[in-house]
Amino acid sequence: MSCSKWREMLEKDQRVRGFLFFLFTALSIACGTWSHAHPTYAVALLTVVLSVGIFIPMRIGLPELFQSNSKLALVLVAILINLFVSKAVYLWSMHQPGAEFHALYFYVPTALAPLLTTSLLGAFPGLFTVFASSLFSAVLINQSIPLLVNNLVSGFVGVYMTQRVRRRRDIIQAGMAVGVVSLVCAMAFGYVGETESDVLIEQGAWSVILGFLTGVLVNAILPFMEELFCVNTDFTWLELSDLNHPLLRRLASEAPGTYHHSLMVANLAEAAAQTVGANFSLCRVMAYFHDVGKLVNPQYFAENIDGAENPHDRLSPSLSALVIVSHVKDGMELAQRYHLKRPILDGIEQHHGDSLVYYFYQRALRTVEDFKAGVRILGASEKDVPRFDESQFHYPGPKPQSREAGILMLADIVESASRSLERPTAQRIEQMVRELVWRKLASHQLDECHLTLQELHSIEESLSFTLKTMLHSRLRYPQKEPDDAEALRLQPSTAGTPLLSGFAPPVADGSSTDQDARSTITAEH
């Protein structure tokens, strides 16, 4: 089932939320009464009270999580997985020889749910999961204070270690950290309870092993949980940032100018996102794909016109604007065909907002003014003047709805405008970036993306700094005067043909010569 179908079914319906509450409570009761010959009504009542108790703070402290049924289901499933795996390990441990002398709570994978939830949803849902899973484990698995303390401490460490994981092995390291914390708890409770040294060693070894296995298990089920609940993590964006993606390879071969532009926008957006604490991995991937719609008509976009005739010279302003605006719709269709994630589709759809295609709008205004002047000269009727609808020159929108989409909009327009700077000095770059950022703000394009003025100032400084490093000028190297032997070697042959055909001395910035050299090379090829 597609992500859109899952969202339609799970996202906002209160009946679905009530069903999730009922199902979670019923499965928790089943876990608590597991291994009992008949239901324990006290456990059932206590489970219902705990379920109500965890839903109230979730409703108050995490309203976005509570109102998203898919994310709510993910958290509840993670807690249930933690409960059933822990209960199974606990029951297995109870049947081992000498179990009555061991602290069995150190054989339970306590941090499974916190590691899973934090990796998928972030730190605050992870902290909530720590409290919920710890309470349920202490009540439904083994009623003991040491188990509760161990769950809380190891869960907090797990959340801290997995706040922003960027590699799969980071989860393994988080699991090892949880194991070390469980080892410390085992030693502390062992000394307090005067446990024998060999038992302490066994508990410590099992703590580290279970921590490692917890990390391995989370790594194994994480991709499945991402697909099932349509949750995107940094792992998702790292996989999509591979430039060998088929759509990016098409962009590189069919629209190389747009491809280069997208890479530059990605650098600008990623650096700006880091300064304000936005998801920089998502910003980079959104920038890679934001202009894929130009693949449909690449020759109509300035970055792909390599000195040939401008096709817009043969089109009316309104038709040119239609071609330019349509790259958003074409990009959405391509992204859906290649099954890209929803945030990338949002970046494609929102990176221009509903802004005006200013250049062709001005051309249309000039055309109308020219017709009006002609009508006045010829004495014709005003009805002969062509009219146009301004809405034809606006992008369809919507405006950026997230911080990442707002950053992408600014990075895109800044990179595009930087190509028109004749002498990109630091002062000119800063002035250009400042004007563009505040022009977007004044035109209300950033009203819905939750970027504060302070963050916009930080983004402006980051864009200026990154752009200055990208457009830095080079030192003028002193030209070397050829010595007599070199001058003689470079002299024309007796036949009048240069020995080094097409050779041109380097210019000051290290590139090849300008118009004369280009015309020579063109004539030769």
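Basis for what follows: all heavy atoms, side chains included, without hydrogens, waters or symmetry-related copies.
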Kindly indicate whether the side chain of L247, heavy atoms from C-beta on, has any atom under 4.5 Å from the side chain of R337.
no
Check whether any side-chain N or O of Q350 sits under 3.5 Å from a backbone N or O of Q401 as a donor-acceptor pair, and report yes or no.
yes
Kindly state whether the ring of F360 and the ring of F393 have centres lying under 6.0 angstrom apart.
no
I407 CD1 to T275 OG1 distance, which is reported to the nearest 0.5 Å
6.5 Å
Using the rule given for side chain to side chain contact (heavy atoms under 4.5 Å, CB included), can you reason through F229 versus M225, listing the C-alpha separation, both sets of side-chain angles and the distance that settles it, and then say yes or no?
CA-CA 6 Å; F229 295 99; M225 299 291 280; 3.7 Å; yes
Sub-4.5 Å side-chain heavy-atom contact between C449 and K399
no
Under a 3.5 Å threshold, yes or no: a donor from one side chain and an acceptor from the other, between T118 and Q163?
no
Between R428 and E422, is the closest basic N to carboxylate O distance under 4.0 Å?
no
Looking only at heavy atoms, which two atoms of V437 and L446 are closest? And how far apart?
O-CD1, 4.5 Å
Heavy-atom closest pair, residues S241 and Y288:
O-CE1, 3.5 Å
Ignoring hydrogens and geometry, is there a side-chain-to-backbone donor-acceptor pair from H260 to P256 under 3.5 Å?
no
Determine, stepwise, if the pair S119 / T233 fulfils side chain to side chain contact (heavy atoms under 4.5 Å, CB included).
CA-CA 7 Å; S119 300; T233 66; 5.8 Å; no
Taking every heavy atom of A271 against every heavy atom of T466, the minimum-distance pair comes out as CB-OG1, 3.6 Å
Working to the nearest 0.5 Å, report the span between CD1 of I324 and NE2 of H352.
9.0 Å
Quick one: do D291 and D412 satisfy side chain to side chain contact (heavy atoms under 4.5 Å, CB included)? Show the steps, please.
CA-CA 10 Å; D291 270 346; D412 179 42; 4.3 Å; yes
Does the N304 side chain pair with the main chain of P298, one donor and one acceptor, at a distance under 3.5 Å?
yes
So, do S262 and L251 sit near enough that their side-chain heavy atoms are less than 4.5 Å apart?
yes
Got a donor-acceptor contact below 3.5 angstrom from the S443 side chain to the K440 backbone?
yes
Considering all heavy atoms of both residues, which atom of R17 and which atom of Q67 are nearest to each other, and what is their separation?
NH2-O, 3.3 Å
When rounded to the nearest 0.5 angstrom, what distance separates CG in L408 from SG in C283?
7.0 Å
Out of curiosity, I459 CD1 to S462 OG, how far, rounded to the nearest 0.5 Å?
8.0 Å
Can you tell whether the side chains of E333 and K329 come within less than 4.0 Å, N to carboxylate O?
yes
Would you check if K468 and E430 make a side-chain contact, meaning some heavy-atom pair closer than 4.5 Å?
yes
Which of E226, E227, E239 passes salt bridge (Lys or Arg N to Asp or Glu O under 4.0 Å) with K341? Answer is E227
Count the heavy atoms of every other residue, nucleotide or ligand shown that sit under 6.0 Å from CZ of R419, and state whether that count exceeds 12.
yes
Using every non-hydrogen atom in the two residues, find where V292 and L334 come nearest and quote the distance to one decimal.
O-CD1, 3.3 Å
Taking C-beta and beyond as the side chain, do F128 and T117 meet within less than 4.5 Å on heavy atoms?
no
Under the side chain to side chain contact (heavy atoms under 4.5 Å, CB included) criterion, do F55 and L76 qualify, and how do the steps go?
CA-CA 11 Å; F55 272 81; L76 299 181; 4.0 Å; yes
Taking the side chain as every heavy atom from C-beta outward, state whether F24 and V75 have any atom pair closer than 4.5 Å.
no
Are there more than 12 heavy atoms of other residues, nucleotides or ligands under 6.0 Å from atom OH of Y160?
no
Rounded to the nearest 0.5 Å, how far does OH of Y359 lie from NE2 of H312?
9.0 Å
Between OG1 on residue T236 and CG on residue L222, distance to nearest 0.5 Å:
8.0 Å
Check W438 against R434 and note the closest heavy-atom contact, atom names and distance.
CD1-O, 2.9 Å
Using the rule side chain to side chain donor-acceptor pair (under 3.5 Å), only one of E303, H327, K294 pairs with T258; which is it?
E303
Looking at F131 versus F156, is the centre-to-centre ring distance below 6.0 Å?
yes
Is there side-chain contact between L436 and L410, with heavy atoms separated by less than 4.5 Å?
no
Taking V276's backbone N and O only, do any of them form a donor-acceptor pair with R403's side chain (distance below 3.5 Å, no angle check)?
yes
If only side-chain N and O atoms count, and only distance matters, is there a donor-acceptor pair under 3.5 Å linking N267 with R284?
yes
Centroid separation under 6.0 Å, is that true for the rings of H261 and H290?
yes
Is the H245 ring parallel, tilted or perpendicular to the Y338 ring (thresholds 30°, 60°)?
tilted
Report yes if the side chains of L120 and K71 come closer than 4.5 Å at any heavy-atom pair, otherwise no.
no
